[in-house]
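Reviewing the structure listed below.
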Amino acid sequence: MRTTVFALAAAALFATAAQAAPATYAIDPTHTFATFEIDHFGASTNRARVDKKSGSVEFDKEGKSGKVEVELDMTSVNSGTPSFNKHLQSADIFDAEKFPTAKFVSDKFVFDGDKLKEVTGQLTLKGKTAPMTIKANKFTCYESPMLQKREVCGGDFEATIDRTQWGLDYGIAYGFPKNVRLVLQIEAVKQ
């Protein structure tokens, strides 16, 4: 009898621990977008996106914790204008030939109650790494009817960074601002 009670208690404890374990998600590149924008002399806003991206997410809903790792292929920067793309990828700006990837690795998910508020981590760009906090504008998990009801988690995120922290100094002397707005839409499929 004692062995049975102990076995049941151990099984219940194991089941609880198994439910609390973080799940792994693969970033869906068809529903993940990374764009950036910078003011252009107060007259307009220059915008571009990174077309090739990959990564993974670990998320523990019950523990309200997680990790994100996103890699961006800087050779795929696309403004919609080939000559501008070439300049963005040149040594003047991203130096994509020498630094073909940028990477964001999170170290903390910050919650306000059940709502994801922000994700903090480190951004590596042009060979330099500096802290970055991404604000969560919305975040949810759902069963995708298009993926045989597999769970997908995702949201819309944004951050404003001082680009000079990563050596992106082009145009400062002309009056371009240091601040760049990053807009990220990320969806990841449970593996």
Side-chain angles (χ1 to χ4, degrees), residues 26-58 66-112 115-139 154-188:
I27 287 180
D28 175 0
T30 63
H31 290 94
T32 298
F33 302 92
T35 59
F36 56 93
E37 53 190 53
I38 186 169
D39 182 76
H40 191 253
F41 296 109
S44 63
T45 303
N46 283 338
R47 291 183 176 88
R49 67 177 188 253
V50 179
D51 286 339
K52 295 178 185 175
K53 55 269 171 196
S54 62
S56 63
V57 178
E58 276 187 30
K67 297 179 193 173
V68 175
E69 189 169 306
V70 178
E71 192 165 290
L72 304 173
D73 180 344
M74 300 310 288
T75 66
S76 73
V77 169
N78 185 352
S79 67
T81 305
S83 60
F84 189 34
N85 295 347
K86 189 175 179 179
H87 190 222
L88 287 168
Q89 294 172 25
S90 76
D92 279 349
I93 303 177
F94 291 118
D95 201 357
E97 187 175 320
K98 188 174 179 183
F99 303 103
T101 59
K103 191 178 217 177
F104 176 71
V105 178
S106 74
D107 55 16
K108 187 175 182 182
F109 281 25
V110 178
F111 281 81
D112 182 7
K115 183 179 176 186
L116 180 62
K117 182 179 168 185
E118 62 188 27
V119 177
T120 64
Q122 301 287 318
L123 175 65
T124 301
L125 183 61
K126 283 188 79 170
K128 294 183 171 89
T129 302
M132 183 171 80
T133 298
I134 301 171
K135 177 185 167 197
N137 294 326
K138 61 180 168 178
F139 177 83
D156 284 356
F157 303 87
E158 70 176 272
T160 298
I161 63 168
D162 176 348
R163 63 190 173 98
T164 62
Q165 288 184 288
W166 291 273
L168 293 165
D169 300 324
Y170 180 81
I172 297 290
Y174 303 140
F176 286 110
K178 292 180 180 182
N179 288 342
V180 174
R181 182 172 178 248
L182 307 176
V183 180
L184 307 165
Q185 293 87 36
I186 297 175
E187 289 198 26

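For this chain, numbers begin at 1 and follow the sequence in order.
- Closest heavy-atom contact between N85 and V77: CG-O, 3.7 Å.
- The OG1 atom of T30 lies 8.0 Å from the CD atom of E187; values are rounded to the nearest 0.5 Å.
- For the pair V57 and A188, the tightest heavy-atom approach, listed with the atom from each and the gap, is CG2-CB, 4.0 Å.
- A salt bridge links E69 with K103; the closest basic N to acidic carboxylate O contact falls under 4.0 Å.
- In terms of heavy atoms, M74 sits closest to A96 at O-CB, 3.7 Å.
- Using a 4.5 Å heavy-atom threshold, the side chains of E158 and L182 count as separate.
- Contact between L116 and A136 at its shortest, heavy atoms only, is O-CB, 3.4 Å.
- Under the side-chain contact (heavy atoms from CB on, under 4.5 Å) test applied with M132, the options V119, T120, L123, V105 reduce to a single match, L123.
- Between Y174 and F176, the angle of the ring planes goes over 60°, which puts this pair in the perpendicular group of the 30/60° scheme.
- Contact of the S106 side chain with the K67 side chain is registered, since non-hydrogen atoms from C-beta on lie closer than 4.5 Å.
- S90 contributes a side-chain N or O that, together with a main-chain N or O of D92, makes up a donor-acceptor pair within less than 3.5 Å.
- Remark: the backbone N or O of P29 is not paired with any side-chain donor or acceptor of T32 at under 3.5 angstrom.
- Checked against T101 for a side-chain contact (heavy atoms from CB on, under 4.5 Å), the options K53, K52, E71 give a single hit: E71.
- When atom types are taken as modelled, the side chain of N46 and the backbone of E37 share no donor-acceptor pair closer than 3.5 angstrom.
- By the 4.5 Å heavy-atom criterion applied to side chains, W166 and T124 are not counted as neighbours.
- The backbone N or O of Y170 sits less than 3.5 Å from a side-chain atom of R163, completing a donor-acceptor pair.
- Proximity of L168 to K126: side-chain heavy atoms (C-beta onward) are separated by under 4.5 Å at one or more points.
- Within the 3.5 Å criterion, the main-chain N or O of G42 finds a donor-acceptor partner in the side chain of D39.
- Side-chain polar atoms of N179 and T160 form no donor-acceptor pair below 3.5 angstrom.
- Judged by distance alone, with hydrogens and angles left aside, the side-chain atoms of Q89 form a donor-acceptor pair with the main-chain N or O of T75 at under 3.5 Å.
- Residues I172 and K178 meet the side-chain proximity criterion, which asks for heavy atoms closer than 4.5 Å.
- Below 30°, between 30° and 60°, or above 60°: for F94 and F36 the angle between ring planes is above 60°, a perpendicular geometry.
- Within the 4.5 Å cutoff, side-chain heavy atoms of K108 are placed close to those of V110.
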